[in-house]
Amino acid sequence: MSNMKEELRKLADDFHQQTDNAADLTELDALRVKYMGKKGPLTAVLRSMGSLSPEERPLMGQLVNQVREEMETTLDNKKSALRIAEKNLKLASETIDISLPGSSSGSGARHPLTRVIDEICEVFLNLGYQIAEGPEIELDRYNFELLRIPEGHPARDTQDTFYMSDNILLRTQTSPVQIRVMEEQKPPLKIICPGKVYRSDTLDATHSPIFHQIEGLVVDKDVTMGDLIGSLQLFARQLFGENTKIRLRPHHFPFTEPSCEVDITCWTCGGSGCRTCKGEGWIEILGAGMVHPEVLSNCGIDPEIYSGFAFGIGVERTAMGRYGIDDIRHFYENDVRFLKQFK
Ligand code: DAH
């Protein structure tokens, strides 16, 4: 029995020492198998207990269990120590230097067309107008018919567009929103309508099959041409500067009577003539007129009681003039070198 005790003691000491030296979890597990496995010395000691006397056997059994428990505790402690060490090693080797500056994607800028649309709308919102919207896929009836452009009318030639069917098309102007608003709301009306319009024009420096317009419409009792002129004068001053003057030239639009085109004094030379205005001193910015009585009655508004004015501003043309852009295609190509200039 004392032999066995000694053997057990030695076994335990060896185990504790080797465990202490184990470098990693794999080595530790190998030690567990070596010492405590079925073919290990601890099992061997248990097996050899048959040679002991019945009195010695329980004592020896107790001792073996105690040694096994000690060994297990050592194993567990070492295991957690190794785990912590491994984790620390990993943390140390995988540190990220969060003080390094990140890669910046750069901040964008509002598109020049959006800017011009917002600025123009802002002026009219301040004058008490409300924003109205209409669909880009429009009925022939709204885009042409009710605006007094019947089939075969020459004005349709200059506004050829993309057709979904005989009577559904991509709107060529924002003017159909006038009809939609007047059909649904009763005067007094003061609306502004920004939006995309389409024409089957070939893309070149001054034409695009998609472009933007801003429509204006005012309908009330006693609205006169004087109100139209006053409003446009105010608009021109606010958008292009205090000294800006406007000029009306007679024109024809089927849905207004009388109709005019409106010029403003050149934003570059102020009216004396330069390259921007091609020596004219004036730049055309919009079409306008008094809403035709037939258009009013088409929408159920009595032209004997009410009158109104309307106007349509070309957004691209205004933006090109303001920023000195010489090719309409720049707006749609999304080239950051172009867009960056509008920060
Ligand atoms: N819709 C016209 C166009 O695209 C522009 C226009 C002219 C709108 C006169 C109007 C207006 O409201 O009164 O050419």
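Just so it is clear, the model here is predicted, and its values are computed rather than measured. First listed ligand is number 1; within each ligand, the first listed atom is number 1.
Annotation for ligand 1: atoms under 4.0 Å from non-hydrogen atoms of Thr256 are 13 (O). Against a heavy-atom cut-off of under 4.0 Å, Gln213 is close to the following atoms of ligand 1: 3 (C), 4 (O). Each of the following atoms of ligand 1 lies closer than 4.0 Å to a heavy atom of Gly289: 13 (O). Contact atoms of ligand 1 toward Ala310: 12 (O), 13 (O) (distance under 4.0 Å to a heavy atom of the residue). Atoms of ligand 1 found under 4.0 Å from any heavy atom of Gln178 (numbered from 1 in listed order, with element): 12 (O). Set against the non-hydrogen atoms of Ser175, the atoms of ligand 1 under 4.0 Å away are 1 (N), 8 (C).
Note: Trp267 and Phe240 have parallel aromatic rings, judged against thresholds of 30 and 60 degrees for the angle between ring planes.
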Arg115/Asp118 under salt bridge (charged side-chain N to carboxylate O under 4.0 Å, His left out): CA gap, chis, key distance, verdict: CA-CA 5 Å; Arg115 251 163 87 153; Asp118 287 352; over 6 Å; no
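For atom 11 (C) of ligand 1, the closest non-hydrogen atom on the protein side is Phe255 CE1, 3.5 Å. Protein heavy atom in closest approach to atom 14 (O) of ligand 1: Arg199 NH2, 3.9 Å. Considering only non-hydrogen protein atoms, atom 2 (C) of ligand 1 sits nearest to Gln173 OE1, 3.6 Å. Looking from atom 5 (C) of ligand 1 to the surrounding protein, the closest heavy atom is Gly312 CA, 4.2 Å. Of the protein's non-hydrogen atoms, Glu215 OE2, 2.6 Å is the one closest to atom 12 (O) of ligand 1.
Residues Thr206 and Glu316 have side chains not in contact (no heavy-atom distance under 4.5 Å, counting atoms from C-beta outward).
A salt bridge is absent between Glu133 and Arg171: the closest approach of a Lys/Arg side-chain nitrogen to an acidic carboxylate oxygen does not fall below 4.0 angstrom.
His330 and Phe338 have their aromatic ring centers within a separation under 6.0 angstrom. The ring of Tyr198 has its center no closer than 6.0 angstrom to the ring center of Phe162. Between Tyr323 and Phe331, the distance separating the two ring centers is not shorter than 6.0 angstrom.
For the residue pair Glu56 and Ser53, a side-chain donor N or O sits within less than 3.5 Å of a side-chain acceptor on the partner.
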